[in-house]
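Working notes, beginning with the structure itself.
These numbers come from a predicted model, not from an experiment. Numbers restart at 1 for each chain; the letters A, B, ... are given by sequence-line order, proteins then strands. FYI, side chains are in, hydrogens and waters are out, and symmetry mates aren't considered; it's all heavy atoms of this structure.
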Number of protein chains: 2
Amino acid sequence: MNAPTVRERMLRVREEAIVDAVNHLLVDKGYDLMTVDEVAAAVGIAKASLYKHFPSKEALAAAAMVRTLQRAQAFLAQLALQDLGAAARLKAVVRWIMQMQYDGAMPSLPSENSTLRSVLTGDRAYVQLLMEVSEVLGGWIEQAQRDGDIDRRLPPDVVLFTLYARACDPVLPILKAGGQYEREQVFEWLLGTCFDGLAGPRQG
Amino acid sequence: MNAPTVRERMLRVREEAIVDAVNHLLVDKGYDLMTVDEVAAAVGIAKASLYKHFPSKEALAAAAMVRTLQRAQAFLAQLALQDLGAAARLKAVVRWIMQMQYDGAMPSLPSENSTLRSVLTGDRAYVQLLMEVSEVLGGWIEQAQRDGDIDRRLPPDVVLFTLYARACDPVLPILKAGGQYEREQVFEWLLGTCFDGLAGPRQG
DNA sequence: GTCTATATAGCGATAGAC
DNA sequence: GTCTATCGCTATATAGAC
């Protein structure tokens with residue numbers, strides 16, 4: 001690979017700006033309610049110009065979600081370097097998800113039957129990344145079960161789905177919208193209900 | 001009130017059929033992807049006839065969600081007659097939600113920023129019912145906290161939102177779609193993660 | 001109250017000039 | 001690659017006959 005030309009760098013910057021706008025709109029309105037006109041307006045270019053960069057609305061959304069997954073992957077890699085137990089790593093992941101969502105930096109994962117879901121399952125890069133991330137998390141889950149920090153009777157994939165579901169939990173946005181609790185306090189409560197349940201820790 | 005005429009009864013039956021079809025489509029595709037044409041086709045009447053019964057797509061969805069809430073309310077009333085502790089009642093409610101969803105009888109509650117949410121918050125009957133249901137659940141939650149079955153440090157509304165969120169948890173449909181676990185087994189796992197967390201019960 | 005046919009509008013995507 | 005202008009389709013909602 002040669003060094004990128006000025007032209008290529010400008011293109012890359014422009015496309016980053018597009019993905020930023022898409023990301024913001026996905027957070028704000030979700031895939032179905034987001035329009036390509038809005039994306040173009042947010043970036044400050046004409047709609048037709050958008051289509052020179054990305055071939056479809058689906059590709060726009062996929063690009064944003066792929067970038068989110070890449071950031072998640074980077075966070076996992078950084079976590080893996082630290083001297084932490086498996087359960088502590090999993091909790092850090094959930095906390096990271098909540099922080100990203102609270103700060104409006106991460107779109108909700110698509111629930112079943114959504115348009116976005118079918119878009120993403122058709123995107124090779126996204127599926128590949130999701131598999132890699134799941135691989136890493138799966139290893140930590142099994143380790144946490146051996147450590148006795150996660151219920152050994154739960155199949156690892158059930159645990160994995162439950163963790164992923166934190167990325168589309170409506171409780172966080174509701175509590176944020178309510179505005180009567182502190183950010184960190186909300187994180188503590190939701191981390192608690194996730195790992196210790198509504199009953200709370202038994203030996204505290 | 002006089003006794004209903006034959007005409008009124010036929011009207012009511014027809015509208016029940018419409019709400020049934022809407023309910024089914026809401027479960028299947030969600031509000032945004034459901035079209036009024038589909039509803040009409042499912043009922044077997046023309047679209048224009050639908051609009052004689054309900055003034056808009058929004059009203060259709062609201063009617064279906066109101067009926068769901070009425071059924072929830074009836075279940076709560078029945079539960080209140082039984083000799084159960086507060087925590088046991090709350091678990092029964094969560095189990096009921098999961099059963100309804102598993103059997104395709106209950107649409108997912110709308111997450112934040114969805115079209116359906118703004119539709120429902122604008123519907124007086126729905127909001128009123130939701131308040132009544134929340135009142136009952138709120139009482140049980142506080143009792144369960146006094147009993148020590150739910151973490152006393154959690155604000156009751158955080159607990160309430162967490163329970164409501166079980167009605168739009170993607171983990172249940174994913175596990176159902178996977179098809180590799182038994183229905184009752186899935187309920188046990190999800191009930192467990194809800195009340196005892198991923199860590200599981202500590203003194204079991 | 002049911003139908004057929006149509007109005008109206010929004011949105012994804014494209015044509016074609018520059 | 002950027003723009004303006006427009007196509008083509010779909011979906012909500014309505015008109016008007018019966």
Contact class for K52(B) (heavy atom, under 4.0 Å): base, sugar-phosphate, or nothing? base

Look at the aromatic rings of W96(A) and F75(A) and report parallel, tilted or perpendicular, splitting at 30° and 60°. parallel

Rounding to an integer number of Å, can you tell me how far H53(A) NE2 sits from dT14(C) P? 16 Å

Give a yes-or-no answer on whether the side chains of R67(A) and Q70(A) include a donor-acceptor pair shorter than 3.5 Å. no

Side-chain heavy-atom pair D103(B), R183(B) within 4.5 angstrom cut-off: yes

Yes or no on side-chain contact (heavy atoms from CB on, under 4.5 Å) for L191(B) and R95(B), after CA distance, side-chain angles and deciding distance? CA-CA 7 Å; L191(B) 257 180; R95(B) 181 181 283 275; 3.6 Å; yes

Hey, what are the protein-to-nucleotides 4-8 of chain D N/O distances that come in under 3.5 Å?
none

Could you please spell out the steps behind the side-chain contact (heavy atoms from CB on, under 4.5 Å) verdict for F187(B) and V94(B)? CA-CA 9 Å; F187(B) 294 162; V94(B) 170; over 6 Å; no

What is the distance from CE of M10(A) to C1' of dT2(D), rounded to the nearest Å? 12 Å

Could you list by number each residue of residues 25-41 of chain A showing a heavy-atom separation from DNA chain C of less than 4.0 Å, or answer none if no residue does? M34(A), T35(A), V36(A)

Is there side-chain contact between P155(B) and W189(A), with heavy atoms separated by less than 4.5 Å? yes

note: E58(A), atom CD; dC11(C), atom P; distance rounded to Å ~ 17 Å

Check the distance between dG1(D)'s P and I18(A)'s CD1 and give it to me in whole angstrom. 11 Å

Where the side chain of K57(B) is defined as all heavy atoms beyond and including C-beta, which of dC3(D), dT2(C), dT12(D) is the nearest nucleotide? dT12(D)

Out of dG1(D), dT12(D), dA13(C), which has the shortest distance to the side chain of Y51(A)? dA13(C)

Which nucleotide, dT2(C), dA13(D), dG1(D), lies nearest any side-chain atom of L11(A)? dG1(D)

Distance (rounded to the nearest 0.5 Å) between D149(A) CG and L198(B) CG: 11.5 Å

For residues L90(A) and L137(A), determine if any side-chain heavy atom of one lies less than 4.5 Å from a side-chain heavy atom of the other. yes

Expressed as a whole number of angstroms, how long is the span from L50(A):CG to dG1(D):C1'? 12 Å

Calculate, to the nearest 0.5 Å, the distance between atoms CG and CG belonging to N113(B) and D32(A) respectively. 12.5 Å

